Amino acid sequence: EMKRYNSQKKELKVQLLEKEPEFNWKVFWIFFNPQLSAFLAAVLLAVGAAILNIHIPLMLGELVNVVAQFTREHAGNYLCEVKGPALRLLGLYGLQGLMTSGYIILLSRVGERVAAEMRKSLFVSLVRQDIAFFDANKTGRMVNRLTSDVQEFKSSFKMVISQVARATGVADEALGNVRAVRAFAMESRETELYTVEVDKSSRMNESLGIGIAVFQGLSNVALNCIVLGTIYIGGSFIANNDLSAGDLMSFYVASQTVQRSLANISILFGQVVRGMSAGARVFEHMVLEPTIPLKGGISIPLNLLTGHIKFSNISFNYPTRPGHVVLKDFDLVLPPYKTVAIVGESGGGKSTVAALLERFYDPDNGIITLDGHDIKSIDPSWLRGNAIGFISQEPVLFGTSVMENIRFGKPDATDKEVYEAAKMANAHHFITNFPDGYNTVVGERGVTLSGGQKQRIAIARALIKNPRILILDEATSALDAESERAVQDALDRATSGRTVLIIAHRLSTIQNADIICVLSNGNIKEMGSHETLLKKEGLYSELIKRQRTNEQK
Ligand code: ADP
């Protein structure tokens, strides 16, 4: 048992290691290209600041020489002599400061804009992925891509560029260090949330950390020795008048600048590695193409649409669970204007039939047609948005007004259309009884609705687009008797004149359906009206009996 667990764990690790994507320069360029001129300006300013930085120690040396001369000779006008080099130095300081802030401003602009564009485009590409993609990927991990990966990429990006300048000797290190600290803090937050990724990143960071530490330690020792040596040897040169005090000062300041630059380069190295892998993870999802597109294909004129649906020879297993066959040689016809209910054991695949009709997944085998057209040739957004209304009776309402929640079914609906749909769904009355009426905000910070009220709003949301086909995925839990009646009443009205597929998790509500189908072992085993199936004394009457005994318990 333990051995099996260990080998599974190893397998998972190997998969994760293999999965680490490569950095995609082509995609990076798409985002970077629009910022190119700002970027080049930043580099120019940074290099300018770096050149000034080389001049500053020299000017400083000149100044020190004037001071030294006066300490030795006490002759002439000190203030007059010192004014020239001091003013020039002051000018250089000012110019260097301006250039430094200039390139930092430009770089943050470039970084922020690239990151914002990346976030938007990543969101767009995530949202259009197949449902199977969301089965396989935890939402948390994707939100992470959207936030911390982009953030990490951005900050290392900014740091890399500002270090271009620093490598040549720019003195200001505050920015880089702030960023490095922030990046580490982010690592630690990830650590709490994503245990698996932790192993990987900590191992990497540890070796990076060792590398950085050794590099910094050695360069510190080396540079401090240079400083010591400079003063030690330089002192004797000065004593012999071979070297001026100013030259020594220049050298001293310059060597300190170099030291800081080297320290930054080592931090930069770690940041580049992390930034590249964060960027690679982000780009990986951007270039991912869904197998079922959101748009594209034919649409049937609504006045010609009858809503005749046929499932032929369907086989299906969920992409995340290969080998677990849900539907096999499944056939089903939904005749126009009829109500067909699917019953069967829980987990038997009833909701899967609805998911295939909505084209959340494509079947592995077989074909589903609407009015004779393969649904693969039909525009999925038309199919979901105009042809089919889906009422899940454990509905999701959004944290906005009742009005907006209903209008969600048809974004361009007028207020009047919203009221009509609500009336049809038995919802108008209770909505107008709220103090804010249709402007009542529901959900987290708004009014909490009862189960029955939520369902009726969901029914109104489906009815507002006046769909030819209606899918009702029944609630698994019962409502109180009064709500149940109100909801059932709304549903009875909603189903008339439409092709209706009811996914029945309970049996009590579907006895009036035109056709009841019993799904078992992946396909339909029995079919007929409630009475015919009862008389047959097969699977259906067995299910009814079992439910009765369950209710009596
Ligand atoms: P029912 O509606 O009859 O209760 P479902 O269609 O929901 O059954 O599920 C049929 C089978 O498919 C079950 O074994 C279930 O565990 C599995 N299943 C359902 N949804 C998914 C999914 N998104 N990913 C993987 N397996 C799923």
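What you are looking at is a predicted structure, and each value in this text was computed from that prediction instead of being measured. All ligand and atom numbering here is 1-based and tracks the order in the structure. Quick note: residue numbers are just sequence positions, from 1.
Atoms of ligand 1 found under 4.0 Å from any heavy atom of Tyr361, numbered from 1 in the order shown, are 23 (N). Against a heavy-atom cut-off of under 4.0 Å, Ser346 is close to the following atoms of ligand 1: 4 (O). Listed by atom number, the atoms of ligand 1 under 4.0 Å from Gly348 heavy atoms are 1 (P), 3 (O), 8 (O). Proximity to His324 (heavy-atom distance under 4.0 Å) selects the following atoms of ligand 1: 14 (O). Taking every non-hydrogen atom of Thr320 and a distance limit under 4.0 Å, the qualifying atoms of ligand 1 come out as 24 (N), 25 (C). With ligand atoms numbered from 1 in the order given, ligand 1 contributes 1 (P), 2 (O), 3 (O), 4 (O), 6 (O), 8 (O) to contacts under 4.0 Å with heavy atoms of Lys350. When each atom of ligand 1 is checked for a heavy atom of Glu345 under 4.0 Å away, the hits are 3 (O).
Atom CG of Leu370 sits about 10.0 Å away from atom NE2 of His308, to the nearest 0.5 Å.
Scanning both residues, Asn317 and His324, for their nearest heavy atoms gives CB-O, 3.0 Å.
For Gly349, a nitrogen or oxygen atom sits less than 3.5 Å from a nitrogen or oxygen atom of ligand 1, counting backbone and side chain alike. Considering backbone and side-chain N/O of His505, none are found under 3.5 Å from N/O of ligand 1. Residue Gly347 places at least one N or O, backbone or side chain, under 3.5 Å from an N or O of ligand 1.
With no hydrogens or angles considered, no side-chain donor-acceptor pair links Asn386 and Arg468 at under 3.5 Å. Remark: the Asn512 side chain and the His530 side chain contain no N/O donor-acceptor pair separated by less than 3.5 Å. Side chains of Asp489 and Asn426: a donor on one and an acceptor on the other come within 3.5 Å. No donor-acceptor contact under 3.5 angstrom links the side chains of Ser401 and Asn439, judged on distance only. Side chain to side chain, Tyr337 and Thr306 fail the donor-acceptor criterion of an N or O pair below 3.5 Å.
In terms of protein heavy atoms, atom 23 (N) of ligand 1 is closest to Asp135 OD2, 3.1 Å. For atom 5 (P) of ligand 1, the nearest non-hydrogen atom of the protein is Thr352 OG1, 3.7 Å. Atom 19 (C) of ligand 1 has as its closest protein heavy atom Tyr318 CE1, 3.5 Å. Among protein heavy atoms, atom 15 (C) of ligand 1 sits closest to Arg321 NH1, 3.8 Å.
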Side chain to side chain contact (heavy atoms under 4.5 Å, CB included) assessment of Ser529 paired with Asp514
CA-CA 6 Å; Ser529 69; Asp514 299 303; over 6 Å; no

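Between Glu484 and Arg506, at least one side-chain nitrogen of the basic residue sits less than 4.0 Å from a carboxylate oxygen of the acidic one, meeting the salt-bridge criterion.
Pairs passing the salt bridge (charged side-chain N to carboxylate O under 4.0 Å, His left out) check and including a residue from residues 287-304, sequence neighbours excluded, read Arg128-Glu289.
Distances shorter than 4.0 angstrom do not occur between any heavy atom of Gly344 and any atom of ligand 1.
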